[in-house]
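Source: prediction; values computed, not measured. Count residues from 1 along the sequence.
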Amino acid sequence: MSGTPHSPAADRVAALLADLLPGGRIGSVVAGEVLAGTGAALDLVNPADGGVLATFADAGPSVVDAAMAAARDAQRAWWGMSAAARGRALWAVAALVRQHAGALAELETLSAGKPIRDTRGEVAKVAEMFEYYAGWCDKLHGDVIPVPSSHLNYTRHEPFGTVVQITPWNAPIFTAGWQIAPALCAGNAVVLKPSELTPLTSLALGLLCDRAEGMPRGLVSVLAGAGPTTGAAAVAHPDTRLVVFVGSAEAGAQIAAAAARAIVPSVLELGGKSANIVFADADLDRALIGAQAAIFGGAGQSCVAGSRLLVHRSIHASFVERLSHAAARIPVGAPTDPATQIGPINNRRQRDKIAGMVEAAASAGATIAAGGSCPASLRDTGGFYFGPTIVDGVAPDAAIAREEVFGPVLTVLPFDGEDEAVALANGTPYGLAGAVWTGDGGRGHRVAAALRAGTVWVNGYKTINVASPFGGFGRSGFGRSSGREALMAYTQTKSVWVETAAAPAVTFGYVG
């Protein structure tokens, strides 16, 4: 333990855990049981006050082995069930998520610092994810290929087996559901390793999966532990058949390399530095609101955050002025308050990184048009707050304009024409998302086609749905984690050839 004082919210977290986990104990969920870790003690810190909510032990290799063994047996049973039965089981998971939605949302708010207005919606979306993929279970079929021979050739989409998923701290339960549901639909077992900073709701979700009618015991295990120890052991385990990682590009590269050493494929959903482009002919009132939602929602702790605002030079000054006034009005405060729109940054390290990048930009000559620090009213809370910040007057090659800040910080770059806007938007190694605001429909389509990004919005921002594919280009990763495309990522295609001719031609060999 670190010696950090306990958070006043610790008792409420303990009460919620008592309702969701057996005995209220924090440990890895394996085959319906909560297993204590064998490693170092890890503190869970409340982002809203900096106090300790709870302490648990890092899972360690022995718990990973138990999870893998349970997954191996459960996956065989799961794939042996009818597709319709698997669909009913996923629907049962969704029903349990809806039944416990209030507790899950509150636990996410207290442990991750996300505003309660956001977590209620995200828990509902988790249920939607399981419902959506429940409907896909009996519709995932192959094709018949018209080969130029006497063969019947058809394909099958088959599961990998055990999938290891590693998820981040910024949207714990949402990301867990986003990955678990399609993996199960495709016939796999899942061993999930959430961030050690925010494991609680993922543990609860894993237990609900285990309790759902029709789900084999151990099909979903959730490991409570640190990345360099427990996560690394899961990736390197000989039973791992696919690795899925959601998080930073730096960590993703390391995990993909570790998987590749064992010839295990990976799916990476990484960071972004998404451009939000506003042309002078756009509906500027709508664009103004969209720009705020794009970067300040979730305190900017989103891989798709519209962290670069590209504004036509003719409206640049007036748009930034209006946006600065609007940003100052956004409620920042305790995540448990339903009126709060921006809660704390998840952890002290990330808050300090954000502050350092803003300070460096200001020292280099940038203008801090709004925010730039913790709001004065929250400085004595002990929480990791940072106000909505707008940084103007930066060069396109400045660090804050090219590197992911992962906080409520917007950089503004002016442009003169469509070609320049596209060049600026594509001027980073990332390619996760982007948006264009314009009254010209043709321009909207042209720019959407020209942007090097996995998702592009026209006259909107940050609308996502489980039915639509999501993933990035370039440094933002590869593979897709929603829609039908996710099922392709979670399956392997087998080609089957059946000879149908009564007397097939023999081109080699002899009858003995």
Problem set entry | Side chain Q165, main chain Q179, donor-acceptor under 3.5 Å | yes
Exercise. How close do I116 and P338 get, heavy atom to heavy atom, and via which atoms?
Worked result: CG2-CA, 3.8 Å
For this session: Indicate yes or no for a side-chain donor-acceptor contact from S266 to the backbone of A256 under 3.5 Å, with no hydrogens or angles considered.
Result: no
Exercise. Sub-3.5 Å donor-acceptor pair from the side chain of T389 to the main-chain atoms of G372, do we have one?
Worked result: yes
Problem set entry | D49 and T381: side chain donor to acceptor below 3.5 Å | no
For this session: Determine yes or no for a side-chain-to-main-chain donor-acceptor pair under 3.5 angstrom, with R348 supplying the side chain and G50 the backbone.
Result: no
Problem set entry | Over all atoms of both residues, closest heavy-atom pair of D58 and G225 | OD1-CA, 3.1 Å
Exercise. Checking side-chain contact (heavy atoms from CB on, under 4.5 Å) for the pair V278/L284: CA distance, chi angles, key distance, verdict?
Worked result: CA-CA 8 Å; V278 180; L284 297 183; 3.9 Å; yes
Exercise. Tell me, do L44 and I26 make a side-chain contact under 4.5 Å, heavy atoms counted?
Worked result: yes
Problem set entry | Distance-only side-chain donor-acceptor flag, T367 / D392, under 3.5 Å | no
Exercise. What are the two closest heavy atoms between P194 and V222, and how far apart are they?
Worked result: CD-CG1, 3.6 Å
For this session: Answer yes or no: is there a donor N or O on one side and an acceptor on the other, between the side chain of T340 and the main chain of A334, under 3.5 Å?
Result: yes
Problem set entry | By side chain to side chain donor-acceptor pair (under 3.5 Å) - contacts of R452 (at least two apart) | none
For this session: Can you tell me which residue pairs pass the salt bridge (Lys or Arg N to Asp or Glu O under 4.0 Å) test with a partner in residues 111-130, sequence neighbours excluded?
Result: K114-E122
Problem set entry | Inter- and intrachain pairs under ring-ring contact (aromatic ring centres under 6.0 Å, His included), touching residues 366-406, at least two apart | W169-F406
For this session: Check whether any side-chain N or O of R480 sits under 3.5 Å from a backbone N or O of A489 as a donor-acceptor pair, and report yes or no.
Result: no
Problem set entry | H100 side chain to D19 side chain, donor-acceptor N/O pair below 3.5 angstrom | no
Problem set entry | Whether R351 side chain and G407 backbone form a donor-acceptor pair below 3.5 Å | no
Exercise. Is it true that a side-chain atom of D337 and a backbone atom of A339 form a donor plus acceptor pair closer than 3.5 Å?
Worked result: yes
For this session: Locate the shortest heavy-atom distance separating P375 from G387; write the atom from each residue and the value.
Result: CD-N, 3.6 Å
Exercise. So with a 6.0 Å cut-off around CZ of R349, is the heavy-atom count from everything else above 12?
Worked result: no
Problem set entry | Spatial distance of atom CD1 (I166) from atom CG (L223) [nearest 0.5 Å] | 9.5 Å
For this session: Kindly assign one of parallel, tilted or perpendicular to the pair W457 and Y461, based on the angle between their ring planes and the thresholds 30° and 60°.
Result: tilted
For this session: Working to the nearest 0.5 Å, report the span between CD of E108 and CD1 of I173.
Result: 6.0 Å
For this session: Identify, with sequence neighbours excluded, every residue that meets side chain to side chain donor-acceptor pair (under 3.5 Å) alongside T119.
Result: T109
Exercise. Please walk me through it: do V405 and I400 pass side-chain contact (heavy atoms from CB on, under 4.5 Å)?
Worked result: CA-CA 7 Å; V405 180; I400 202 166; 4.0 Å; yes
Problem set entry | Intermediate values then yes/no, side-chain contact (heavy atoms from CB on, under 4.5 Å), L410 and L323 | CA-CA 10 Å; L410 179 67; L323 187 59; 3.5 Å; yes
Exercise. In chain order, what residues pass the side chain to side chain donor-acceptor pair (under 3.5 Å) check against E196, with sequence neighbours excluded?
Worked result: K193
For this session: Heavy atoms only: give me the nearest P344-P47 pair and the separation to one decimal.
Result: CB-O, 3.4 Å
Quick one: side chains of residues 247-254, donor-acceptor pairs under 3.5 Å with protein atoms, not counting sequence neighbours, listed by atom name and distance.
{"from": "S248", "atom 1": "OG", "to": "A251", "atom 2": "N", "distance (Å)": "3.2"}
{"from": "E250", "atom 1": "OE2", "to": "R475", "atom 2": "NH2", "distance (Å)": "2.9"}

Problem set entry | Shortest non-hydrogen contact from A183 toward V190 | CB-CG2, 3.6 Å
For this session: Look at the side chain of S302 and the backbone N and O of I295, then say whether any donor-acceptor pair between them is shorter than 3.5 Å.
Result: no
Exercise. Ignoring hydrogens and geometry, is there a side-chain-to-backbone donor-acceptor pair from E404 to G272 under 3.5 Å?
Worked result: yes
